[in-house]
2 protein chains.
Amino acid sequence: MTATGASRMIQDRALRPTAKGLPEHIRLNNRILVLQLLYRAGLQSRADLARETGLTRVTISDLISELMGENLVIELGQRQESRPGKPATLLDINRVAFQIVTLDLSGHTRLRGAVLSLDGAVLSSSGLELSGARGEAAFNKVAELLSQVIASATAPILGVGIGSPGIVDRAGVVRNAPNLGWRDEPLQTRLQDITGLPVRVVNDANAAVLAEHSFGGADHDLLLVKVGHGVGAGLLIGSRAILGERFAAGEIGHVVVGTDDGPLCACGKSGCLEAWLSVPRLTSAIQAATAAAANAADAELATHQILTEAGRRLGIILAPIVGALNLLEIVLSGPPELLDGPLSTATTQTILSRTMATETGDLTLRMTEQGQDIVLRGAAVMVLSAQLGVS
Amino acid sequence: MTATGASRMIQDRALRPTAKGLPEHIRLNNRILVLQLLYRAGLQSRADLARETGLTRVTISDLISELMGENLVIELGQRQESRPGKPATLLDINRVAFQIVTLDLSGHTRLRGAVLSLDGAVLSSSGLELSGARGEAAFNKVAELLSQVIASATAPILGVGIGSPGIVDRAGVVRNAPNLGWRDEPLQTRLQDITGLPVRVVNDANAAVLAEHSFGGADHDLLLVKVGHGVGAGLLIGSRAILGERFAAGEIGHVVVGTDDGPLCACGKSGCLEAWLSVPRLTSAIQAATAAAANAADAELATHQILTEAGRRLGIILAPIVGALNLLEIVLSGPPELLDGPLSTATTQTILSRTMATETGDLTLRMTEQGQDIVLRGAAVMVLSAQLGVS
DNA sequence: CATGTTTGTTAGTAAACCTTACGAACGGAA
DNA sequence: TTCCGTTCGTAAGGTTTACTAACAAACATG
């Protein structure tokens with residue numbers, strides 16, 4: 001028995017198509033490929049792009065002229081380098097021709113908004129107090145802030161990106177967001193209708209992990225744990241976000257930690273991660289310990305213990321996840337004065353001691369480099385990805 | 001500020017291309033699409049396929065004639081149904097023209113091999129005692145069994161699929177398999193050179209989860225826990241296998257369970273999942289308890305307790321994973337007399353009680369329906385997927 | 001028996017890529 | 001200075017793919 005002419009290796013590229021292919025899909029594919037290269041590296045000639053993509057100079061020229069027609073790409077004069085041959089014309093994404101508007105709805109009391117450049121830099125930002133608004137009132141606050149931010153843009157807007165707390169489905173419907181009092185709120189569609197702009201709504205932790213991935217540079221699988229009023233996570237595997245069957249992936253706040261009970265949680269269970277790790281719980285525990293302490297050294301010690309125990313609890317939850325997914329990179333987002341120190345040290349230690357060292361030896365756990373704007377920037381990544389295929 | 005002509009929604013289909021697109025890729029895409037439909041549903045006419053795919057009858061006809069030329073598709077006479085119009089010519093994958101050869105190397109003492117039809121049915125099987133062979137000797141045993149099985153095929157062989165324990169990379173190199181004494185063993189390449197057939201080597205648990213996905217029917221994200229001499233898992237998200245950064249995804253056997261210590265594990269830590277749940281540990285614990293019991297009822301009770309506690313420990317490990325990935329379907333593979341009963345009941349209970357009920361309420365945990373042949377059938381899925389793009 | 005319907009094929013068109021060829025612009029050598 | 005090789009970008013023509021339009025074959029029905 002021998003191999004047959006019928007058998008042909010199917011490359012990874014084409015596995016499991018779910019839709020028919022048409023010539024124009026090739027064009028779109030290559031268009032995105034070119035935009036992606038220009039977006040990441042910038043300042044390349046048509047010939048450079050041809051070499052990198054494997055497409056011919058002819059095809060690249062054609063694509064570029066299309067992109068220049070849309071004002072997405074511009075020529076930036078000739079390369080100065082002294083080489084034989086006709087000098088190359090340098091190209092780049094037209095980074096000032098468009099701007100991106102994003103909102104971060106994850107603050108417990110305050111909504112934030114910003115205008116960003118295509119590079120993800122925050123050009124201007126503003127905010128609006130939620131003042132306890134819920135349901136339709138909260139929606140109106142969001143719409144109000146959005147129109148403010150849109151008005152402050154100084155270039156055509158590529159799209160609007162929004163990071164919302166709670167469970168958000170692929171269509172941008174907020175299935176459930178207790179803080180804002182939303183159930184099945186079709187935020188994306190409604191705001192799209194109001195503004196006439198393309199809008200993308202995603203979960204805040206998912207936006208955050210996208211920001212970390214795109215602007216942090218590393219091409220690893222990534223888990224981002226966002227600690228705030230609650231605890232949530234965003235997960236990126238193979239450069240794509242994991243949403244979960246019911247769009248609730250990353251909702252680890254109410255998973256029970258360990259086998260020795262723990263503090264009572266608002267959800268009714270004991271020992272939930274959120275009951276150990278949320279910002280309100282940590283600050284109040286530290287405050288209480290400090291108040292009860294005899295002196296500054298005691299207070300310091302008690303604080304250290306509280307943070308270490310919280311970090312250990314986080315590590316206990318993360319260890320099975322790290323093992324099951326063979327993760328090598330975990331990022332924390334939240335108040336650095338709480339997370340960056342004993343807490344993160346304890347988390348790393350705990351994960352390493354509870355998993356197989358040979359597989360997780362080079363695990364990295366660190367604070368995000370995106371700071372407070374992480375959700376705003378992640379929402380911008382969503383827009384870039386949706387509108388241009390770039391990230 | 002308004003939306004611009006430049007912005008265009010990029011559909012999910014084309015997100016993040018990593019390679020250039022060419023006209024022939026369209027053809028491959030559509031070819032796979034057609035094969036997939038025929039493989040799954042079977043017995044359709046060209047016109048049916050055109051309607052389902054959205055391609056025209058002309059294009060379908062052309063594709064079908066290509067596939068018939070390769071003997072992959074055959075005509076099966078005309079549809080008998082009484083309808084107006086010219087009767088349809090029914091088509092199907094030529095399910096008897098090719099066979100698949102697969103090996104399961106995950107048995108602790110015995111290698112298994114089989115010839116399967118394109119449908120994944122086991123046509124014949126054989127085995128070979130490992131007799132403690134390790135390293136090159138183990139490789140020779142594998143090669144010997146493989147040539148036996150290949151010789152017993154009765155039709156051209158589409159390809160060879162192999163499920164191996166240990167850590168297997170994307171190129172089919174067994175990075176580390178302690179049981180077989182392999183380190184960086186390029187199994188796929190070597191066997192491909194020997195046999196002249198396309199060979200695919202994957203981790204046994206990953207093969208198993210593919211089998212469960214393809215033949216189990218459900219289109220959910222899936223976690224399969226394989227309990228044997230060790231404990232491993234295979235994970236499928238969005239119909240694609242998760243391998244992990246170092247190809248060690250699913251290696252949860254040596255993750256520590258709970259915060260109350262536990263049995264000492266061979267790896268040096270205390271309370272590893274494998275130290276609670278592996279088949280040798282369960283059987284010996286049950287044997288000991290039975291021997292020590294005063295009567296049959298006591299023995300029964302002790303056995304029940306041992307299995308319940310093991311199931312609870314599995315649940316403790318799985319709860320964070322289920323929460324983080326928002327999984328709804330977990331499958332157990334292994335000796336049903338151990339797993340199917342108190343153990344799986346306790347696991348389900350534990351997961352539900354340790355996660356947020358609203359998100360995991362409709363969690364399913366069940367035994368596999370694939371039985372002993374799960375790895376053999378999963379390896380066949382790999383071959384189908386690699387050679388035809390079908391699964 | 002005529003009509004309408006469905007199937008599968010033939011002929012010609014549009015879109016996307018490719019190959020081949022060429023002018024333009026530069027550095028370096030005769 | 002002049003010539004030559006190199007590199008860049010563009011032009012012209014060919015190939016592959018899928019599409020539209022049209023048609024013959026085969027059937028059910030009034």
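Scope of the values below: all heavy atoms of this structure, side chains included, with no hydrogens, waters or symmetry mates. Every chain is numbered from 1 and lettered A, B, ... according to where its sequence line falls, protein lines coming before strand lines.
Nearest heavy-atom pair, A:P87 versus A:R79, reported as atom, atom and distance to 0.1 Å: CB-O, 4.3 Å. What you find for B:Q99 and B:A155 is that their closest heavy atoms are OE1-N, 3.4 Å.
Looking only at side-chain heavy atoms (C-beta outward), A:H220 and A:H213 stay at 4.5 Å or farther from each other. In this structure, the side chains of A:L235 and B:L325 come closer than 4.5 Å at one or more pairs of heavy atoms.
A cation-pi contact, defined as under 6.0 Å to the ring centre and within 45° of the axis, is absent between A:R170 and A:F247.
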In a table with atom names and distances, give each donor-acceptor pair under 3.5 Å that connects a side chain of residues 49-57 of chain B to protein atoms at least two apart or in another chain.
{"unit_1": "B:R51", "atom_1": "NH2", "unit_2": "B:D48", "atom_2": "OD1", "d": "2.8"}
{"unit_1": "B:T53", "atom_1": "OG1", "unit_2": "B:L49", "atom_2": "O", "d": "2.8"}
{"unit_1": "B:T53", "atom_1": "OG1", "unit_2": "B:A50", "atom_2": "O", "d": "3.4"}
{"unit_1": "B:T53", "atom_1": "OG1", "unit_2": "B:L55", "atom_2": "N", "d": "3.1"}
{"unit_1": "B:T56", "atom_1": "OG1", "unit_2": "B:T59", "atom_2": "N", "d": "3.3"}
{"unit_1": "B:T56", "atom_1": "OG1", "unit_2": "B:T59", "atom_2": "OG1", "d": "3.0"}

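Rounded to whole angstrom, the span from the CD atom of A:Q80 across to the P atom of C:dA25 amounts to 16 Å. The nearest whole Å value for the distance from the CD atom in B:E81 to the P atom in D:dC27 is 14 Å. The separation between A:R79 atom CZ and C:dA25 atom C1' is 15 Å, rounded to whole Å. In this entry the distance linking CG of A:L90 with P of D:dC8 reads 11 Å, nearest Å. A straight line from CG of B:L49 to C1' of C:dT7 spans 13 Å, rounded to a whole angstrom. Protein atom CD of A:Q78 is 10 Å distant from nucleotide atom C1' of C:dA24, rounded to whole Å. Atom CE in A:M68 sits about 11 Å away from atom P in D:dG9, given to the nearest Å.
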**Prompt:** Which nucleotides of nucleotides 1-7 of chain D have their base under 4.0 Å from a protein heavy atom (B), which only their sugar-phosphate (S), and which neither (-), written as one string 5' to 3'?
**Reply:** ----BBB

**Prompt:** What one-letter contact string describes nucleotides 10-19 of chain D from 5' to 3', where B marks a base within less than 4.0 Å of any protein heavy atom, S marks contact via sugar-phosphate atoms alone, and - marks no contact?
**Reply:** BB-----SSB

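Listed for the B:Y39 side chain is no donor-acceptor partner under 3.5 Å among the backbone atoms of B:V34. Side chain of B:D92 to main chain of B:G42: no donor-acceptor pair is present (N/O by atom type, distance under 3.5 Å, no hydrogens or angles).
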